[in-house]
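First comes the structure, then the notes that go with it.
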Amino acid sequence: MPSNDTQFIQQLKRFEGEIAHLYLDSRGNPTIGVGFLMANANQFCALNLVHKQSGKPASNSEKQAEYKKISKQKSGYKASWYAQFCELTLPSHETDKLLHTHLAQFKQELNKVFSKQSGFNCQFEQMPLSAQYALLDMAFNLGTPHLAKNWPKLHHAIKQQDWYCAAQECSRRHIQSERNAATEQLFKQANSDLSNTRHNNKSTSQHASLITGLFKKVKKKLFKY
């Protein structure tokens, strides 16, 4: 169960896969890295790609040629099948850099979707951390617009901060059952996180009241003398 960004990224890589070369996903979209969709050649050319054999930086024309070549291949194969047509790769440190950029962007988008202005009790960034990770995983997999428009029951549960209900409404089609189970567990964990937070706040409040009471007694005795 992810308890910090590093663990969440590791889990995300495990579910999405980390492919250093360009390939076509199940829908025929050119993709690279940790599920990074390359919508056009310009987006692909912006990457810091290197030659598979020499490790030397690829030129813009080489990137365009690679994108065009892979885009013309048939879809429906495993990502590894496309490696035979690829001469360029994305170094792992560039993949990590791009992944962090994407996650930061998703967080900004989710803050707009799950906001008080939209009827939610708290902003996305104020939710229990495990709930944030669950929604980040869904946004990364589905895209923020899809998550914003096509999950009314999930939204209703989140508005009520009913994380157990959210866990029952987060299942996606066409992904690993293990990934659905992991997201469900994250929402359930959010319920425990929220309970612990409330308990800690209550304990802090009681502790503060006790200290205040003791201070008043001491003050009263001092003035008495």
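This structure is a prediction, so every number in the text was calculated from the model and none was measured.
Note: Tyr77 and Trp81 have parallel aromatic rings, judged against thresholds of 30 and 60 degrees for the angle between ring planes. Aromatic ring pairs are classed by plane angle as parallel below 30°, tilted from 30° to 60° and perpendicular above 60°; the pair Tyr133 and Phe8 is parallel. Between Phe114 and Phe120, the ring-plane angle classifies as perpendicular under the 30° and 60° cut-offs.
For the atom pair CG of Leu90 and CG of Leu47, the computed distance is 5.5 Å after rounding to the nearest 0.5 Å. For the atom pair CE (Met138) and CG (Asn180), the distance works out to 8.0 Å, reported to the nearest 0.5 Å. Remark: Tyr67 OH to Gln43 CD distance equals 7.5 Å, nearest 0.5 Å. For the atom pair CD of Glu94 and CG of Leu49, the computed distance is 8.5 Å after rounding to the nearest 0.5 Å. Annotation: the span from Lys52 atom NZ to Leu88 atom CG amounts to 9.0 Å, rounded to 0.5 Å. The distance from atom SG of Cys170 to atom CG of Leu135, rounded to the nearest 0.5 Å, is 9.0 Å.
Within a 6.0 Å sphere centred on NZ of Lys69, other residues, nucleotides and ligands contribute more than 12 heavy atoms. No more than 12 heavy atoms of other residues, nucleotides or ligands sit less than 6.0 Å from atom CD of Glu87. Applying the 6.0 Å contact sphere to CD of Gln53 captures no more than 12 heavy atoms from other residues, nucleotides or ligands.
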Apply the test side-chain hydrogen bond (donor to acceptor under 3.5 Å, both in side chains) to residues Glu169 and His156: give CA-CA distance (whole Å), side-chain angles for both, the deciding distance (0.1 Å), then the verdict.
CA-CA 10 Å; Glu169 298 297 340; His156 179 73; over 6 Å; no
Derivation of the side chain to side chain contact (heavy atoms under 4.5 Å, CB included) call for Arg14 and Glu178
CA-CA 11 Å; Arg14 180 161 57 88; Glu178 183 186 359; 2.7 Å; yes
Give the C-alpha distance, both sets of side-chain angles, the deciding distance and a yes or no for side chain to side chain contact (heavy atoms under 4.5 Å, CB included) between Lys116 and Gln126.
CA-CA 11 Å; Lys116 291 184 178 180; Gln126 297 171 333; 4.0 Å; yes
Go through the steps to decide whether Leu103 and Ile9 satisfy the test side chain to side chain contact (heavy atoms under 4.5 Å, CB included), and finish with yes or no.
CA-CA 9 Å; Leu103 288 175; Ile9 287 173; 3.8 Å; yes
Could you walk me through whether Ser115 and Ser118 pass side-chain hydrogen bond (donor to acceptor under 3.5 Å, both in side chains), step by step?
CA-CA 5 Å; Ser115 65; Ser118 299; 3.2 Å; yes
Verdict with reasoning, Ser26 to His174, per side chain to side chain contact (heavy atoms under 4.5 Å, CB included):
CA-CA 10 Å; Ser26 58; His174 311 302; over 6 Å; no
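Closest approach of Ala190 and Pro128 over heavy atoms only: O-CG, 3.7 Å. Between Ser59 and Glu62, the shortest heavy-atom contact is N-OE1, 2.8 Å. Minimum interatomic distance between Ile32 and Ala20 (heavy atoms only, all atoms of both residues): CD1-O, 3.5 Å. The minimum heavy-atom distance linking Leu24 with Gly28 is given by the pair CD2-O, 3.7 Å.
For the side-chain contact (heavy atoms from CB on, under 4.5 Å) with Met38, the qualifying choice from Asn29, Thr31, Leu22 is Leu22, the only one to do so.
The backbone N or O of Leu186 sits less than 3.5 Å from a side-chain atom of Ser130, completing a donor-acceptor pair. Between the side chain of Asn191 and the backbone N or O of Tyr164, no donor-acceptor pair lies under 3.5 Å. Although no hydrogens or angles enter the test, the distance criterion places no donor-acceptor pair under 3.5 Å between the side chain of Glu184 and the main chain of Gln168. Lys188 contributes no side-chain N or O that, together with a main-chain N or O of Ala167, makes up a donor-acceptor pair within less than 3.5 Å. Remark: the backbone N or O of Gln7 is not paired with any side-chain donor or acceptor of Gln11 at under 3.5 angstrom. Side-chain atoms of Asn121 come within 3.5 Å of backbone N or O of Lys159 as a donor-acceptor pair.
With a 4.5 Å cut-off on side-chain heavy atoms, Leu154 and Phe187 count as touching. Annotation: side chain of Gln117 is in contact with side chain of Gln123 (closest heavy-atom distance under 4.5 Å). Between Leu98 and Phe36, the closest side-chain pair of non-hydrogen atoms falls below 4.5 Å. Side-chain contact between Cys45 and Gln64 is present, with at least one heavy-atom pair separated by less than 4.5 Å.
Put simply, Leu129 and Leu110 are part of the same group of oily side chains (I, L, V, M, F, W, Y) that touch within less than 4.5 Å, one to the next. One hydrophobic cluster, built from ILVMFWY side chains closer than 4.5 Å, cannot hold both Leu37 and Ile70; they sit in different ones. Ile19 and Ile175 are assigned to two separate hydrophobic clusters, defined by single-linkage of ILVMFWY side chains at heavy-atom distances under 4.5 Å. Following chains of ILVMFWY side-chain contacts shorter than 4.5 Å, one cannot reach Val50 starting from Tyr23, and the two form parts of different hydrophobic clusters.
Aromatic ring centres of Phe140 and Phe106: separated by under 6.0 Å. Residues Tyr82 and His21 place their aromatic rings such that the two centres sit no closer than 6.0 Å.
A salt bridge is absent between Lys63 and Glu66: the closest approach of a Lys/Arg side-chain nitrogen to an acidic carboxylate oxygen does not fall below 4.0 angstrom. A salt bridge links Glu18 with Lys13; the closest basic N to acidic carboxylate O contact falls under 4.0 Å. Looking at Glu16 and Arg179, a side-chain N of the basic residue comes within less than 4.0 Å of a carboxylate O on the acidic one, giving a salt bridge.
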Under 3.5 Å, which donor-acceptor pairs link side chains of residues 142-151 to any protein atom two or more places apart or in another chain?
| residue | atom | partner | partner atom | Å |
| --- | --- | --- | --- | --- |
| Thr144 | OG1 | Glu109 | OE1 | 2.5 |
| His146 | ND1 | Trp151 | NE1 | 3.2 |
| Asn150 | ND2 | His146 | O | 3.3 |

